[in-house]
Structure formats: structure tokens, C-alpha cells
Amino acid sequence: MKRILRGTLGVALLALSGTFSLAQPCHFPTANHSLLQPGGEAKFFVGTVGKPWATGCFGCVRSDGWQMHEGLDIKCVQRDSLGEPIDPVLATADGTVAYFSNKPALSNYGNYVVLRHHIDGMEVYSLYAHLKKIRDDLKLGQAVRSGETIATMGRTSNTREGISRDRAHVHFELDLFVNEGFPAWYKKAFPGQRNDHGEWNGQNLLGLDPGLALVEQHRQGTRFSLLNLVRNQTELCRVLVRATDFPWPKRYPALIERNLLAEKEGVAGYEISLNYNGVPYRLMPLAASEIKCKAKFQLLSVNDAEYRKHPCRRLVSRKGDRWMLARNGTHLLELLTY
């Protein structure tokens, strides 16, 4: 689903508040709250054609576990006399309009909107796709409030199979932004390929699990923290990058851990923990004396159990007993440090 612009359930809810207040309730992006009901998943998620509801969840849920789905496909609960969806789509948190497209032929997301939020000191983006209609007065940079209507649910897409009326849904993501230099990187990495959405190409947005956030926010109440949810991701692999001047540490300083030696001697690189979707959720600055290799990227370790459970992003591969960065993993690190 993330060929153009992307997206385990929880983070999406967290993006709920632009100036994040623990007392502020989080908002689902539609009136469908069945996820919080025992056994309510089948009323909340829309699966792919002929597949169960689980294929509408976040994660390695498609193509027998080998295709990533970076958001939640949330079922409609309101229809007109023709059976078309009419659910209002709501901003999940206070924020501003970062991007929108009302040219469905240019994206498998169809018509979609991206909002920018600031939560727990992090820049977070929520994305709403397959919209029938984006609100007429919505403009780039416009402020929106949590729970405010921004669009109407639909079933727009440029995919060959389309979206039938019975499968009408909003695709909802909660993402972290990788690199504003993405257009130049993409042109270099994929010469001749189109990039209709500039820095908002899906490869430049790394999805968190909105469903997990929604559930955890409901369970923990005012104790919930999106930052803690990100910091407590399960590690797929750990890598070393010999680079210091790239956007991620500046955009997400709350994910950096202290290293007194690097503070004393100067930072020469980072040890980075990635989750299975490639989110760099922990960065440890390293001094030059701590870096033993000369390669720009070095794979330090792999969590074999996590890879077997969530292999779909193909960030690493194994040849015999030896793990190595796969092409997707190298591309991710090149983009991250571009």
C-alpha cells in the first residue's frame, strides 16, 4: 500500500495532539471505534479481496507475510442510499496540513491528506487515503484541530483492481519523516522513475503501528506516551553508520541516547537500532575511537526471532550463518544519511 505515500496499531492515536497534552483524549480518524470492543476487529478492519480482516492491519500481513502494510484499513459505518461510504474523516490530532493530493490517478492512495503533528517532542505525520472528497477549503499549512473533519471517506485508488463498495475504507497511517533531500536521492537511486509526490513519496515516510497506539492509549489513559512507544520498539537489527550530518538526529533528538565518550571526543558516527519496518528508534552517538571499521554502513547484529516473525521489509538477508544488509536495508541507510 505504500508504493507512493505511506504506512502494530498504536502510534496513530498518539499523533492526536499537536501540542501533546496527556489529558487530551485521542481521536479515531472516523466514528468506527470497534477496535476497542472485545472481538471487534472484524467490524473495524477491511481485509484485502477474499482475505480475512487481519490483512487490513499494520505489518507483514499480506502476501503470506512478505508484503508490508503501513497503516490501518478502517471500515466505513455510514453509507448513502447507493451504498457509497459517507463517513467524515477526522484529524487524529492538532496539527497542520502538510500535503494533499486530489489526483487519484497519481497514487494507489487515491485522494489523500497528510497532516503534521508535534507530539512528545517528535515530528509525526498522519495520513488519510482513498478519500472521496477532501474538504474544499483545506490549504497547505492550515491549522486543524483534533477531531476536526478534513475529508469524506471514499474508495479512490489507481490500482487495477480498485476498491469495491463493500470494501470501502479509509487507509490511516502514523509516520515519521526521513529526509527532505528525498527527491534528489530518489533521482540518483532510481534514474528514469517518476516521483509524482516529491518528498512525500511513501519511501520517505516510515510507518508506526497506529492500532497499537489506539489500544495502548485506551488501556493506559493519561500514562500513555508516544515517545515511549517508539523507544520501546523491538529491534530487528543494529547498524553502524559513519555519518553525522543528516536530518534524523536533528528531527528526532529524543531518540538519541547519551555517550559520554562521544560528547568528550566528538561524534564520528552512530549506532542505530531499526525495527522491522526500518524505523530508527534508538541512536547512540559514537566517538572515532569506538568505530573499528572503515565502511560507511556496517551490520552489527540481527534479531533472528524478529526477522522470522516480520521479514517483509527485507532489510537484512542471511547467507549460511552470515547476516548482511540486503538491498532494501542499504537503500534505507543511504536515504537516511543522504
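All residue numbers in this chain count up from 1 along the given sequence.
- Here the two rings, on Trp200 and Phe100, have centers that are 6.0 Å apart or farther.
- Taking the six-membered ring where tryptophan is involved, the planes of Phe45 and Trp53 are essentially parallel, since the angle between them stays under 30° and well short of 60°.
- Salt bridge status for Glu263 with Arg258: present, with a side-chain N to carboxylate O gap under 4.0 Å.
- Results of the salt bridge (charged side-chain N to carboxylate O under 4.0 Å, His left out) test with Glu84 over Arg155, Lys132, Lys133 single out Arg155 as the only residue that passes.
- Leu240 belongs to a hydrophobic cluster with Met284, Leu286, Ile291, Leu300, counting contacts under 4.5 Å between side-chain heavy atoms of Ile, Leu, Val, Met, Phe, Trp and Tyr, direct or through other members.
- We find that Lys250 and Asp245 are joined by a salt bridge, their nearest charged nitrogen and carboxylate oxygen being less than 4.0 Å apart.
- Here Arg219 pairs with Glu216 in a salt bridge; the nearest charged N to carboxylate O distance falls below 4.0 Å.
- Annotation: side chain to side chain donor-acceptor pair (under 3.5 Å) contacts of Arg322 (sequence neighbours excluded): none.
- Linking ILVMFWY residues whenever their side-chain heavy atoms come closer than 4.5 Å, directly or via other members, leaves Leu206 and Val61 in distinct clusters.
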Before giving the answer on side-chain hydrogen bond (donor to acceptor under 3.5 Å, both in side chains), spell out for Gln193 and Tyr186 the whole-Å C-alpha distance, their side-chain angles and the decisive distance to 0.1 Å. CA-CA 8 Å; Gln193 292 193 24; Tyr186 189 86; 3.1 Å; yes

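- Salt-bridge check for Arg282 with Glu271: passed, with a basic side-chain N closer than 4.0 Å to an acidic carboxylate O.
- With sequence neighbours left out, the salt bridge (charged side-chain N to carboxylate O under 4.0 Å, His left out) criterion links Glu334 to no other residue.
- For residues 109-203, no residue pair satisfies the disulfide bond (SG atoms under 2.5 Å apart) rule, not counting sequence neighbours.
- Between Phe190 and His331, the ring planes are perpendicular. Angles over 60° get that label, and only those under 30° would be called parallel.
- Remark: Cys237 pairs with no residue by the disulfide bond (SG atoms under 2.5 Å apart) rule, at least two apart or across chains.
- A search for side chain to side chain donor-acceptor pair (under 3.5 Å) contacts involving Asp64 returns nothing, not counting sequence neighbours.
- Electrostatic pairing of Lys103 and Asp196 does not count as a salt bridge here, judged by no charged N lying under 4.0 Å from a carboxylate O.
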